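From a predicted model like this one, the values you see are computed outputs, not experimental measurements. Lettering follows sequence order; numbering is per chain, from 1.
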Amino acid sequence: MAQAVEQITAPTEASSHKSEMIAFAIMVLVLAVLPAFVYPPFLMKALCFALFACAFNLLIGYVGLLSFGHALYFGWASYFAAHLAKVGKISIPYWAGSWQWVTITNSPMVPELAIFLAVMGAAVLGFVAGSIAIRRQGIYFAMITLALAQMMYFFALQAPFTGGEDGIQPVPRGYLFGLFNLANERVMYVFVMVVFLLGFLLIYRVIHSPFGEVLKAIRENEQRAISLGYKTDRYKLVAFTLSAAIAGLAGAVKPFVVQNASLTDVHWSMSGEVVLMTLLGGLGTIFGPVLGAFTIIAMQNYLAGFGQWVTIIQGGIFVLCVLLFRRGIIGEIANLLRIRL
Amino acid sequence: MEINLPALFGQLLIGLINGSFYALLSLGLAVIFGMLNIINFAHGAQYMMGAFVAYFLLQFAGLNYWWALIVAPVIVGGVGILIERSLLQWLYKLDHLYGLLLTFGLALIIQGLFRHQYGSSGLPYQIPPQLTGVRDLGFTFLPNYRAWVVVFSLVVCFGTWYMIEKTRLGAYLRAATENPTLVRAFGINVPRMITLTYGFGVALAALAGVMAAPIYAVNPTMGADIIIVVFAVVVIGGMGSIMGAIVTGFGLGVVEGLTKYFFPEASNTVIFVIMVIVLVTRPAGLFGRAA
């Protein structure tokens with residue numbers, strides 16, 4: 001991944017912060033105005049995927065780890081949030097001569113609690129999967145994350161609470177903090193936008209923190225980072241867990257937007273899509289995944305009638321990006337203008 | 001627990017059949033990775049193409065199964081060579097991950113095109129007349145075709161192993177994997193060897209596809225799910241060793257078959273669970289060298 005990013009780091013710190021600030025202001029402005037022109041449910045869905053892609057980019061762009069199974073955290077968080085908001089039953093097993101189940105809660109939860117617990121669930125899954133996957137590097141890391149996600153896909157297919165092929169639907173939107181009626185489309189849009197911006201800023205903050213600098217050092221040269229005394233495995237695991245949790249946040253909001261949670265979101269093709277969004281927008285750029293997500297979701301939306309052609313075009317974009325535009329759209333623009341985005 | 005011998009044997013046989021395909025596919029992946037440093041995500045799609053080419057040969061050229069066993073791998077291997085020359089050769093200087101991403105894109109294109117044309121229901125492919133029927137083993141019945149698949153893939157696997165480990169050509173190949181620059185200095189055309197290696201790996205996948213056609217029917221999605229299992233097989237075995245790929249492939253197929261008999265709910269996930277256990281206890285894989 002090193003080649004893709006090294007040219008972008010040329011400008012000085014001060015000017016780069018300025019270009020990022022301006023780009024951020026433009027993004028907020030566009031997101032605030034866009035619902036007047038574009039169908040809001042489409043925008044909300046795109047925002048969920050944009051946050052998902054940003055979380056994925058934190059790993060590939062800043063630690064150099066290609067997770068090919070990020071649908072695991074997105075999709076399972078989506079199931080968790082949908083289940084908690086609709087049914088809310090949590091049982092845990094305990095041992096008393098034989099295995100027994102004790103039910104902790106058994107009533108639908110408010111959205112904020114359902115989302116919070118779903119994010120925690122995704123973080124736990126990310127921590128476990130991450131500790132297994134970081135045992136191998138490079139290409140093996142990608143294959144392991146893919147295999148783990150496929151395993152959890154089969155669990156999702158068989159687990160009783162996920163509804164198997166039917167998924168969980170309809171998911172009630174409810175009242176956020178008991179105040180805001182999410183059934184109102186405008187309130188819902190503001191909520192999704194705020195969640196997206198908070199997640200986005202969190203990632204931005206992490207990337208520019210001392211912790212983020214160590215991550216970039218690991219991306220550039222892991223052996224060197226180890227020799228400087230950094231326990232790189234711990235840094236990688238924290239980054240992986242954080243990425244899984246933010247992907248989980250995106251996944252946890254999505255069932256409130258589309259009012260269902262389904263197998264599509266845990267399938268390997270979803271893991272491939274988030275890779276595509278990030279690659280198209282620009283690996284290792286801050287705004288690239290957002291643009292990539294909007295482009296891919298828009299394409300799926302407007303070409304929905306063309307069936308398999310959507311998949312074929314997506315495959316074509318993969319091939320073109322890898323051969324010709326490894327910096328992605330935002331990366332190429334940033335390189336052209338000699339700024340950091 | 002009472003053991004139903006014919007049922008157990010039936011699942012073991014299915015396990016061996018799946019194991020044959022895991023072995024052939026992970027062998028191809030390992031050969032390609034050794035030379036090209038690329039994980040060929042399109043391997044599943046090329047396996048599917050092998051089955052489709054066998055079907056086309058029968059439908060449009062009147063060539064039967066036995067011809068397809070030779071012709072289909074040659075055709076699909078040729079497509080592989082075109083892919084290597086036109087696309088993959090530009091990636092060798094880059095991070096390995098780009099190879100994975102590009103071949104993933106290729107897999108999407110190939111699978112999408114076949115699904116567009118043939119939908120996702122399977123096309124039937126008859127077992128060749130010489131191999132229909134079953135053999136009575138006393139305690140159970142063994143379908144001839146399935147016995148053939150296991151025996152033939154063992155022959156192909158060990159043939160490949162012999163070629164790579166014991167012949168002069170194989171020695172060049174192993175040398176070029178270790179140090180391509182030095183091997184070129186001896187006047188050996190390494191870029192052409194790389195191209196042919198990719199073609200050979202792809203042809204192995206296509207051969208597996210031809211053999212799978214009479215068992216699983218010819219289906220555009222047949223390669224999509226098996227490739228992820230094969231990735232897990234490769235992680236478990238480690239890609240350093242050809243024999244490792246063969247043994248792990250067959251072994252995991254058998255384990256999966258046994259799981260189908262004793263604990264059917266876990267049969268889809270058992271290979272992934274084994275992968276986790278191996279990674280926790282032996283991170284380099286069963287036959288792999290530590291990185």
Side-chain angles (χ1 to χ4, degrees), chain A residues 1-4 60 64-66 68-69 128-129 131-155 157-158 267-269 271-273 275-276 278-279 283 306-324 326, chain B residues 33 37-39 41 86-87 90-91 93-117 119-120 220 224-225 227-236 238-239 265-273 275-276 279-280 282-285 288 291:
Chain A
M1 294 296 106
Q3 287 92 341
I60 179 84
L65 296 174
L66 172 60
F68 225 104
V128 175
S131 7
I132 297 163
I134 57 169
R135 290 168 163 266
R136 298 291 288 274
Q137 266 99 24
I139 212 82
Y140 283 100
F141 182 89
M143 290 197 286
I144 293 164
T145 46
L146 175 61
L148 289 173
Q150 184 76 350
M151 178 170 90
M152 292 301 284
Y153 169 80
F154 284 118
F155 285 149
L157 192 61
Q158 290 169 340
H267 194 247
W268 59 261
S269 51
S271 299
E273 260 168 43
V275 180
L276 179 62
T278 314
L279 183 67
L283 297 176
F306 291 88
Q308 285 304 314
W309 285 107
V310 176
T311 316
I312 299 168
I313 294 171
Q314 286 184 346
I317 298 176
F318 258 110
V319 173
L320 280 180
C321 280
V322 169
L323 286 177
L324 302 173
R326 276 186 290 276
Chain B
F33 184 75
N37 275 328
I38 279 178
I39 280 292
F41 214 125
S86 57
L87 305 172
W90 311 109
L91 302 180
K93 294 183 295 291
L94 302 174
D95 194 303
H96 300 176
L97 298 178
Y98 284 114
L100 183 79
L101 296 179
L102 187 117
T103 49
F104 179 73
L106 281 177
L108 289 184
I109 295 175
I110 297 170
Q111 268 152 13
L113 285 172
F114 276 88
R115 275 184 83 162
H116 177 70
Q117 203 61 32
S120 37
D225 290 328
I227 192 63
I228 303 179
V229 179
V230 171
F231 279 177
V233 171
V234 160
V235 171
I236 294 169
M239 274 186 297
E265 295 86 351
S267 60
N268 281 327
T269 44
V270 63
I271 290 187
F272 302 120
V273 174
M275 180 190 81
V276 170
L279 282 171
V280 171
R282 255 190 84 102

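The CD1 atom of A/Ile312 sits 11.0 Å away from the CD atom of B/Gln111 when rounded to the nearest 0.5 Å. Put simply, CH2 on B/Trp90 and CG on A/Leu324 are 11.0 Å apart, with the number rounded to the nearest 0.5 Å. The line from OG of A/Ser269 to CZ of B/Phe104 is 7.5 Å long, rounded to the nearest 0.5 Å. For the atom pair CZ (B/Phe231) and OH (A/Tyr140), the distance works out to 11.5 Å, reported to the nearest 0.5 Å. Here the CZ atom belonging to A/Arg326 is positioned 10.5 Å from the CG atom belonging to B/Asp95, to the nearest 0.5 angstrom. Note: B/Arg115 CZ to A/Trp309 CH2 = 14.5 Å, rounded to the nearest 0.5 Å.
At a threshold of 4.5 Å between non-hydrogen side-chain atoms, the residues B/Asn268 and A/Tyr153 do not count as touching. B/Met275 has its side chain within reach of A/Leu148: a pair of non-hydrogen atoms, C-beta onward, lies under 4.5 Å apart. Using a 4.5 Å heavy-atom threshold, the side chains of A/Trp268 and B/Ile227 count as separate. Taking 4.5 Å as the limit, some side-chain heavy atom of A/Phe68 sits within range of a side-chain heavy atom of B/Leu100.
Contacts between B/Val229 and chain A at a heavy-atom distance below 4.5 Å are absent for every atom of the residue. For B/Leu113, the parts lying under 4.5 angstrom from a heavy atom of chain A are both the backbone and the side chain. Looking at A/Val319, the atoms closer than 4.5 Å to chain B (heavy atoms on both sides) sit in the backbone and in the side chain alike.
Residues B/Leu279 and A/Arg136 share a closest heavy-atom pair of CD2-CG, 3.7 Å.
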- Message: Under the criterion side-chain contact (heavy atoms from CB on, under 4.5 Å), I'd like the reasoning laid out for B/Asp225 against A/Gln150: C-alpha separation, chi angles, the key distance, then a yes or no.
- Response: CA-CA 9 Å; B/Asp225 290 328; A/Gln150 184 76 350; 3.8 Å; yes

- Checking side-chain contact (heavy atoms from CB on, under 4.5 Å) for the pair B/Leu91/A/Leu323: CA distance, chi angles, key distance, verdict? CA-CA 8 Å; B/Leu91 302 180; A/Leu323 286 177; 4.2 Å; yes

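When each of A/Thr311, A/Leu320, A/Ile139 is scored by its heavy-atom pairs under 4.5 Å with chain B, the top score falls to A/Ile139. Note: A/Leu66 leads A/Leu279, A/Leu66, A/Ile317 in heavy-atom pairs under 4.5 Å with chain B.
Residue A/Phe318 is tested with B/Leu108, B/Ile109, B/Leu102 for a side chain to side chain contact (heavy atoms under 4.5 Å, CB included); the sole match is B/Leu108.
Between the side chain of A/Arg135 and the backbone N or O of B/Pro283, no donor-acceptor pair lies under 3.5 Å.
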